[in-house]
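Structure record follows, encoded as structure tokens.
Below, all heavy atoms of this structure are taken into account, side chains as well, without hydrogens, waters or symmetry copies. On a predicted model such as this, the values are computed, not experimentally measured, just so you know.
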Amino acid sequence: MIFAAGRGTRMAPLTDARPKPLIEVAGRTLLSHALEPAKEAGLAPIVVNAHYLASQITAALAHDNVSVIEEDTLLETGGGLKNALKHLGSGPIFTMNSDAAWDGPNPYEILRDHWRDGLEALLLCVPVEQAYGRTDHGDFSLSPDGHIKRGPGVVFTGAQIINGDVVAAEPRDVFSFNHLWDEMIGRGTLRGVNYPGRWCDVGRPASIPLAEEMLRV
């Protein structure tokens, strides 16, 4: 599942008349930067959610073998995936945010190679020094064996594998993945893996030239 429903307020004024996933970076939309690696990895079915200017997202994907779910209200990440489970089924599901650029191997394949039975979620992270467009100290602390907890050290890239059964069991309809991750940390079922390439958070207009420079070098 690729998340494309947000209002993109940090990207204003570029998002005044178009949704953030359709903003171009290096000649391709942000949505394409998330979608094409999924196709290359052979993932199917693929679902994209939309809310803000949703008709533009639907039109952009009209010729792709992708299901678009137009949400009447914003459901956040966890709620968006729960709403899409009828199209995706149960078990492990790849999810990706549509506001980043990648320079390196296919992120979905990195996740697939490191997934194993017994996990409830596997987060794809990147060391702070390989994360463009971020000036903080990271989101998580990641140990050499993949154990992950809140704290500085690595940045969550917006890509993960998560068990759809855990999402389906959440009673709320509007919720963030953060809620589930904290519960998984307590159960010891959340892991992380570092992305070996470079990654750029394209959440603000100033991040676009950063991402394009990263992709040129």
Side-chain angles (χ1 to χ4, degrees), residues 1-3 33-34 36-44 46 76-82 84-85 88-170 175-203 211 214-215 217:
M1 179 169 183
I2 298 173
F3 295 103
H33 282 276
E36 291 309 313
K39 294 179 179 179
E40 291 167 5
L43 303 185
I46 298 175
E76 299 189 48
T77 50
L81 179 56
K82 182 180 178 182
L85 288 177
L88 294 165
S90 59
I93 297 170
F94 292 84
T95 77
M96 172 82 80
N97 295 342
S98 57
D99 59 357
W102 304 81
D103 179 37
N106 190 306
Y108 299 102
E109 292 179 353
I110 299 295
L111 284 167
R112 181 161 53 196
D113 289 346
H114 288 82
W115 178 259
R116 65 180 188 270
D117 291 340
L119 297 184
E120 291 184 309
L122 176 66
L123 309 187
L124 187 58
C125 302
V126 64
V128 172
E129 60 271 18
Q130 294 166 219
Y132 290 64
R134 291 284 294 264
T135 58
D136 55 82
H137 298 293
D139 307 305
F140 294 98
S141 174
L142 183 62
S143 69
D145 62 358
H147 282 80
I148 196 168
K149 62 182 181 180
R150 300 286 182 180
V154 296
V155 173
F156 173 56
T157 64
Q160 69 170 333
I161 298 177
I162 188 166
N163 193 312
D165 297 334
V166 178
V167 177
E170 168 59 42
F175 62 97
S176 166
F177 283 135
N178 282 292
H179 168 72
L180 300 183
W181 293 338
D182 287 338
E183 293 183 343
M184 293 175 190
I185 289 173
R187 292 192 293 267
T189 56
L190 182 70
R191 294 290 188 276
V193 59
N194 271 330
Y195 183 65
R198 299 182 297 174
W199 169 90
C200 185
D201 176 6
V202 192
M214 180 190 76
L215 294 171
V217 175

(message) Any side-chain to backbone donor/acceptor pair from Y132 onto V202? Under 3.5 Å, distance only.
(response) no
Would you compute the distance between atom [atom1] of [X] and atom [atom2] of [Y] and round it to the nearest 0.5 angstrom?
| X | Y | atom1 | atom2 | value |
| --- | --- | --- | --- | --- |
| E170 | E183 | CD | CD | 6.5 Å |
| I148 | L123 | CD1 | CG | 4.5 Å |
| L88 | I46 | CG | CD1 | 10.0 Å |
| L124 | H114 | CG | NE2 | 9.5 Å |
| M96 | Y108 | CE | OH | 3.5 Å |

Minimum heavy-atom distance [X]-[Y], with the two atoms named:
| X | Y | answer |
| --- | --- | --- |
| M1 | G80 | CE-O, 3.5 Å |
| W199 | D201 | CH2-CB, 3.4 Å |
| T157 | C125 | CG2-C, 3.8 Å |
| L215 | H33 | CD1-CE1, 4.0 Å |
| V126 | A131 | CG1-CB, 3.8 Å |
| S98 | A34 | CA-CB, 4.4 Å |

(request) Apply side-chain contact (heavy atoms from CB on, under 4.5 Å) to T95 and list each qualifying residue two or more places apart in sequence or on a separate chain. (result) F3, L81, I93, Q160, I162, F177
(message) Could you work out, with side-chain contact (heavy atoms from CB on, under 4.5 Å) as the rule, every residue matching A168, not counting sequence neighbours?
(response) L85
(request) In sequence, state the C-alpha distance, the side-chain angles, and the governing distance for R112 and L43, and then conclude on side chain to side chain contact (heavy atoms under 4.5 Å, CB included). (result) CA-CA 10 Å; R112 181 161 53 196; L43 303 185; 3.7 Å; yes
(request) Using a 4.5 Å cut-off on heavy atoms from C-beta on, say whether the side chain of W102 contacts that of P37. (result) no
(message) Side chains of V193 and L111, heavy atoms from C-beta outward: is any pair under 4.5 Å?
(response) yes
(message) Using the salt bridge (charged side-chain N to carboxylate O under 4.0 Å, His left out) criterion, which residues pair with E120? Sequence neighbours excluded.
(response) R187
(message) Please list all pairs meeting side-chain hydrogen bond (donor to acceptor under 3.5 Å, both in side chains) that have one or both residues in residues 135-152, counting only residues at least two apart or in different chains.
(response) R134-D136, R134-D139, S143-D145, D145-H147, H147-R191, R150-N178, R150-D182
(request) Check ring-ring contact (aromatic ring centres under 6.0 Å, His included) between F156 and all other residues, then give those that pass, not counting sequence neighbours. (result) W181
(message) Run the side chain to side chain contact (heavy atoms under 4.5 Å, CB included) test on V166 and M184 for me, step by step, so that the C-alpha distance in whole Å, both residues' side-chain angles and the decisive distance to 0.1 Å come before the verdict.
(response) CA-CA 10 Å; V166 178; M184 293 175 190; 3.9 Å; yes
(request) Would you list the pairs meeting salt bridge (charged side-chain N to carboxylate O under 4.0 Å, His left out) in which at least one residue belongs to residues 97-108, sequence neighbours left out? (result) K20-D99, D103-R198
